[in-house]
Each structure stands twice: as structure tokens, then as C-alpha cells.
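Whatever order the structure lists ligands and atoms in, that order sets their numbers, starting from 1. Quantities reported herein were computed from a predicted structural model and do not represent experimental measurements. Quick note: residue numbers are just sequence positions, from 1.
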Amino acid sequence: MREREGSIGAPDRLRCEYLHNPLGIEEPSPRLSWQIRDPQRSAVQSAYQVQVASSPELLASHVPDQWDSGKVATNQTIQVEYKGQKLQSHRRYHWRVRTWDGQGLVSPWSRLHWWEMGIMESDLWKGHWIGPPLPENNRQPIPCPYLRREIIVKGQIRRARVYITARGLYELYINGRRVGEDYFTPGWTEYHHRIPYQTYDVTEYFREGPNAIGAILGDGWYGGHVGGFMRLRLYGPAPRLLAQLELETEDGTTQIIRTDTQWRISDGPILVSDFMRGEQYDARLEMPGWNEVGFDDRRWRQPVAEPLDHVKLVAQAMPTVRSMMILAARSRTQVRPGVWVFDMGQNMVGVARMQVQGPTGATIRMRYGEAVNSDGTLYTDNYRTAQCVDEYTVKGDDDRDYGPRHHSEAPLEIYQPRFTFRGFRYVELTGYPGDPPLTAISGIVLYSANDATGEFECSDPMLNQLHSNIVWSQRGNFLEIPTDCPQRDERLGWMGDAQVFIPTACFNMDVAAFFAKWMRDVELSQRADGAFSDVVPNALAFRDGECLNFDHHAWADAAIVVPWTLYQYYGDRRILERYYPAMGRWIEHCRLNSDGLIRPVGGYGDWLSVDAQTPTDLLNTAWFARSTWLMRRIAAIIGRNDDATTYERLFLEICRAFNHRFVTPASRIIGDSQTSYALALCFDLLPESARQAATAHLVENIRQRNDHLSTGFVGTPWLLNALSDNGRTDVAYRLLHQQSYPSWLFAVTHGATTIWERWDGWTPQAGFLNPYMNSLNHYAFGAVGQWMYQNIGGINPDPEYPAFGRFIIHPRPLESGLSFARTKYHSIVGTIASAWHIHNDHWTLTVRVPPNTQAEVVIPTDSLDQVTERGLPLNISPGLTDCREDGKLVRFLAGAGQYEFIIEIERYHTSTKQ
Ligand code: BGC
């Protein structure tokens, strides 16, 4: 039967395991998603059909040989599991989807998309790990090895794939051409257990006859300095490459090239390349043509080749690190003769690209800093022992003698370090021949290529700058793993930092695949007794045989918060199921190691709070309760109803113990800190009767501090919520607008372009704080970004409905002191927008609800009569239902569509002032 076609467009934004056409995945039943295109108000999807085939031609001729879901009556558009034929290694699967609308009319088929499987069975890997001999000196980084091999391709290539990884980092070339645009591949995981590999389509790189393959290896996380204790060779003594090239020719034969002793190895121009030290590059040692056919490699040696071992090779499952932006330098200053400092105008993470023309052998040094001293010289103390120096020795043109004034005649050389990065805003150049032009330096911004999903703008430029600082700190610290900071000798996956920031991170970028990959390593870092480590991958695990960093609340709890947040923002139920046992072990560990359900003192406490003492046993017990409450929710979602009841009971018992131990009859919480009140209120630890008094104590504390905060990492993300959820949005805004220390805007008033680790990273009185711990790019305090999206913009997930299938629009303009705000969130189900402006005696709110979703709109006015939608009363406006008054609020449901509400505010003012 022919389907009746409607006016709806073909579904788009097709994704497989959150990725666009992923090449080389291993998930045996990947999950698919799409967005529907239907401009009608209240548009819904009533059914879908997915078809998967082994070739595009088969799909075009309606032969879905791998899977045809048939017409499935559901509004589900995300997390749709593939349920077809068993997926085979190496094969590409083509898919398309069509949808039916609420009237039963069908859409056109989507454009074709695909995913391709990697190497799913470990015995298909057959190569050797190849690389240089073990270094003699275990304390020195070694030059980066260059590897090459020539092969003869017999016949026309039909398809070529390379599966490649390294112990260390690699860059691959075929016939002189770089393969891919990725940085720092293969990425960082718990290398003792698993190492990611990448798959590249290299069909276009090969030709019939002789071909050359080349690779450069770097130390990276595997063998270079890793932060924390600045350990060198944490995972192994020397870098290694492992690659498998599979070439299919037109006649159907397959040629497989592997890494083995047929390759050749040599040192090259990169003398050192280390994340913490920087890179030393001598362009005079370049070997033109080393990765092309016909290069004379007789002086190269045979590499060491080691067989594969038990460590699992796993497909890259998230966006790689890429060059995401290039910043031009804003200014340059000669701070001392021959010493130039370039200002990129933005604290960023990546490397500098330098252009130079100069005499052979001239050596130029680039040093980096996040800040400058008052005399304009570079401030590097807060890098601690991370030297971050790049040195480039000019190749020049030996035949000519360039006097100092004739550099412009020398060939232009462009240098960009390969296997290193750091956080910086300023670049210091010394040894540059002549006066460097402003274009001598540009900033290559590197981070994991997670799509941007959030937009925020309002009438206060200070808040816009704060938002920008939050996004830049996320960019700089979402490099393979969520790190604490990108500059000093640390740069580790601190669980606490990730946990406090993840909701904000989800608003700013699509981080589903990024965190899903990290979670696997979180699980691997769990100790047998259930405790989690504080950093993942666990680069700190042992010092002198002693286990240092486990079992710290608000850090370890990331193991529950991260999956929970991914479920909320992306509907990822599989991640809840997958890590449920590990999460349960953590709760059990806490239960067994508590005294009457009070967790012991210890841990990091409310890290970097100011002038406030939140007892650590209080904080730990509050987090024990929070994680237990989340487990109750998670157990119910995945159908473990008995567990849900057990966790519920445990949660209530912890609350009882908490109140008994830490809360006075007058609802004062021991420590009397903003953090204690914020956690108790937001984690729902207090009896209903105590909430009002506890809120009043919190407000009083803030008033006594003249509207300043005192919270550290643990309390900060909850502070404003504790106020706005308990009727004191006015106080929340006063804190947010505060410009003097300690406050979010204090750093902004002093020119910060990223979030600082400490509230007082720099003060006019004391200058830079103790350099021992003073990162100027640490996202934790940027956790307020979530509150800004949710309360200024008004875009909120509804905890009962994952992945924004239904969400809440609840902007709070009237206490905001702002005249407009515009926010957007490109959610997994479509773009949500909420924008408003205040004009004389009314405010206008425009809301966009994506197809197949619903918004509960909450408007701060007490009467339905005060609100119209495009001139119509709410109850007759198409798309709106369940309109009702609820105290000082008006609530209603809005189906898909674009709405414009006008609300009279004269009356609002009168009603709230009473
Ligand atoms: C890191 C933090 C981390 C903390 C643990 C610091 O050195 O930079 O962000 O959470 O240690 O207390």
C-alpha cells in the first residue's frame, strides 16, 4: 500500500552512537537518532521506519538486506537500537529513516547515512608494536621516531582502510600526505587495560604501483611527562606504533600491510616533544621526502617489534582533538631588547604557529604564559614545573648569507609543534631574526571536537563575558578527557571537577560520546572494595606503593553523576545499565564504611571555599545521600524495582542520620556555611518543615557577607539553585551580579577570559596568588553556567522526562535587572529557544519548542488574563493546553512550534511587592 505523503520534511541530523557517519565503531547494537522536520504546531512523530543495507544501491532499490524495522508506532527518535543482522568487522552499513506525523502522513526518506564497523574480534589484529629501542636514560625524553615503509599495490584500489594506534602518539602519512586532521591520537584511556585505535578511509591516498607509508611517534601521555607527580614513562618505556592497512583492489583481492620488521626507523628533526616540556625542533634535520616513494632510507634501522599482548584495542568512540579555531595575535610588545610578547587576546589551549624567515641555525624560543607581570613580561610561575618551551632552529637557505636586514629574502618557514599543548594567552618570542611582525604568531586552538550546543546572550556584557569564559574553559579542558586545568604540571581527569561541571558542559556542547568514553575508564579505576579514584585515567594511583587518591566524596560520586546526567540530557539508558553494578558497589562501600550512616571526616572538603568551614563529614554524608537518591532513581528507570525500594529506604535513613547529627532544632546546619545549606536544600535532606528556616539562614549568611559567596567547588554549583528553588531568586541574582571579591564577576572585572581556579587568583592588593595552585583556566566555578541557561534563559530539563522530550521553560526576568536575554539549546531532539525582552509595561517571551517535544511553560505572573500569545488568550491559542494559575505563577503546556507571549508586568510588580 502506498503511504500518503504529508508536508513534513525528511528527518535529518541522523546520528549513530551520537556521531555523524562514524568510521570504525564496535558497538554490536548501535543506537540511532534523528530529528524530525515538521513546521506544524504540536507536530509529533507517530511512527518511524529505519532501513539498513550493505550498500546504498540496495537501499535505493528498497532492499534493506541488513535490517528493516518496519513501521514502528512510537514517538521515539533517539536511542533506537539496531536490531538487524549481526554486524561484521570492517563492514559499512548504510541507513535511512522516515517518519509519520500525527495525522498518519509519511515523510520522505532521509538522506543516506552510514556507520562502519572497526575490528571487533581481537584476533583480527595481527601486526606488531614497532618503535625505537628502549632508551638508555630513563629520565630524558627521546627524539620522536620516524617510521616508513614502501609497498607495491597490485591493481586498482577499490577500498583502503587503515586501523592504527600507538603507545604514545602518532601522525600518519601516505605518499607524503597527512592522514586525517586529528591531534594527539590515539587519545588517552587507562592504557594498562585498553588503548583506542582510529580507522581512516585511505582509498584516495593509494595508487597502483609503489606507495610510501610514514608515521611519526610522540611520547604523549604514554611515555612523556604526565601531570600530578610529573612521571615520565608512566605506562611504558618507549613509543610504539601498531597499524593494519587493508587494501582491496578491483579484482577482489585484499592486501594487508602490518607494522613489523619490514619497516624502517630513524630519528628526525623533533628532538623532544613532551606535553609538559614542550617541543624542540631542528629544521636543519628535516628529511625531505621521508614519507614518499623513493626516499633513500639505507641509513635507517630496523625497528624493535613486540607482539600484541593482553591490552585491549578499542575503537575510538568520540570526537577526536582537532584544530577548532585559529586566533590572530592582537598585539605585540618588546618587553626587553629582543624579547617580544604577543597577546592572543584570549586564554586558550593549544599551540602557537610561528612564521619566520631567517638564517640557517638561528634558534627561536617560544615561551607561554596565561598572564603577564605589570612590566609586560611573561608570568609563568603558575605553570609550576611544566616548562612549556618550544624551540625552533631555522632551516634557512645555507647557500646565502643573510645579513640582519635581509631576512625577508630567506624562505618562509612555518612551524607548529606537534605532540604538545598548553594553556596560554601570551607567547614570548626570543631569538627571532629582526622584529617579528604581528603575523609571526597565531594561536591554534585545540580541543575535542564536540559540537557547540548552547547559545547565551543578555543585556549585561559582564554576564556575557562570564558565559564566554565558561565556554572557553570547557574548550580548553575538554581535550580527550575532562581535565582540571590545561597549563600547569597537572592536567588530569579530576572526577570532582567533571562532576560539578557536567550539566553546564551538556548545555554548552554535545558531550555524550566524550563522557561515555571517559566513563569506561572511570569504571576501570574502581578498586575492588568499590571506592573510585579521584582522577581518571588514574595517573596518580600509587606513590611509594601507597594508594593515594581514592574514596573522596564529591569526586568519586562522579561515577554516578556522570551517567545520570547523560541520561537526563541524552536519554542514555544504556549507560545507566552498563555502570549500574559499579555504581552500586560504590554505595555499598560508603554504607559499610560509615558510622551510623555518617561518613567519616576527610577528603577535599568544599575545595577552595573562602572564609567558611563546611565540616567534611557533613559534606561527605550529604553526598552519600545524594548518590543514594540518584541510585534510587536509576534503579527505577532500569527496572530494578526492589533495588529502588532499598535505595529509597537507605536514603531516608541517611537523611535521618544527617538531621540528627548536623541540624539543630532551629534548622541551623553545623558549620553554618553557604555550602551546608545549599547541599541540604538541593539534595532534599531536610524535612519539609525545616526548608524555610534553612533558606532564611542561608540568605542571612549571604547578607552578612554583603551579597558575596563563600562556596568552594562542592557548594558553588548548588548555591543559586538553593535560592531560586526556595523563593529567593532575587538573592541569587544579587550574587550573580556581584562584582567584588569573592564573586563570579570579580575575575571578569579584572579582564579574565576564562574561569579561574580560585576566587582570588589575582587581586589588586596581592597580585597573583600563591603560584603553587593558581590556574587561570579551571572550569569548576563555571558550573554556574547551568543556572544561567536555566534561570535567565529559562531552559530546563524536566527530571521526569529524559532528553528534553518534555522540558520546562521558566525564565526569571523580573528580578534579573536585565532588559533582554536570548538563549538556545540544540538538544538531541532539536533546537529549543527561549528569548525575552522587557519593554515599558510588558515583557515579550518567544519560545521555540522542537517537533515531537512539549514544553511546560512557567510564567511569573499570577493571572492567565495577563498573558497573550500572538494576541490570543492562552486557552484558545493553538498548541497550548492545561493552562492554569498556580499561586504567583501561570503554567501551561506548549506543543511543538514557535510562540510569542506578551505578559503585562505592571500587575506583576504590584502582586509581588505585596
Ligand atoms: C586540582 C583540582 C582537583 C583538586 C583535588 C587540584 O590540584 O587542580 O581541580 O579537584 O586538586 O582537590
Give the residue and atom name of whichever protein heavy atom lies nearest to [atom], and the separation in Å to one decimal.
atom	result
atom 1 (C) of ligand 1	Asp484 OD2, 3.3 Å
atom 9 (O) of ligand 1	Asp497 OD2, 2.5 Å
atom 7 (O) of ligand 1	Glu490 OE2, 2.7 Å
atom 5 (C) of ligand 1	Trp494 CZ3, 3.5 Å

(request) Pull out every atom of ligand 1 sitting under 4.0 Å from any heavy atom of Glu757, numbered as shown with elements. (result) 8 (O)
(request) Look at ligand 1 and say whether His552 reaches it with a heavy atom at a distance under 4.0 Å. (result) no
(message) Between ligand 1 and Arg488, can you find any atom pair, the residue atom being a heavy atom, that is separated by under 4.0 Å?
(response) yes
(request) Could you check if a side-chain atom of Trp472 sits within less than 4.5 angstrom of a side-chain atom of Met348, using non-hydrogen atoms only? (result) yes
(message) Within the 4.5 Å heavy-atom criterion, are Ile587 and Ile560 side-chain neighbours or not?
(response) yes
(request) Decide yes or no on side-chain hydrogen bond (donor to acceptor under 3.5 Å, both in side chains) for Trp586 and Asp557, but give the supporting numbers first. (result) CA-CA 8 Å; Trp586 166 236; Asp557 297 288; 2.9 Å; yes
(request) Using the six-membered ring of Tyr772, assess whether NZ or CZ of Arg384 lies under 6.0 Å from its centre and within 45 degrees of the ring axis. (result) yes
(request) Mark yes when over 12 heavy atoms from residues, nucleotides or ligands other than Asp595 sit less than 6.0 Å from its CG; otherwise mark no. (result) no
(request) List the steps, then state whether side-chain hydrogen bond (donor to acceptor under 3.5 Å, both in side chains) holds for Asp672 with Tyr677. (result) CA-CA 7 Å; Asp672 212 23; Tyr677 290 110; 2.5 Å; yes
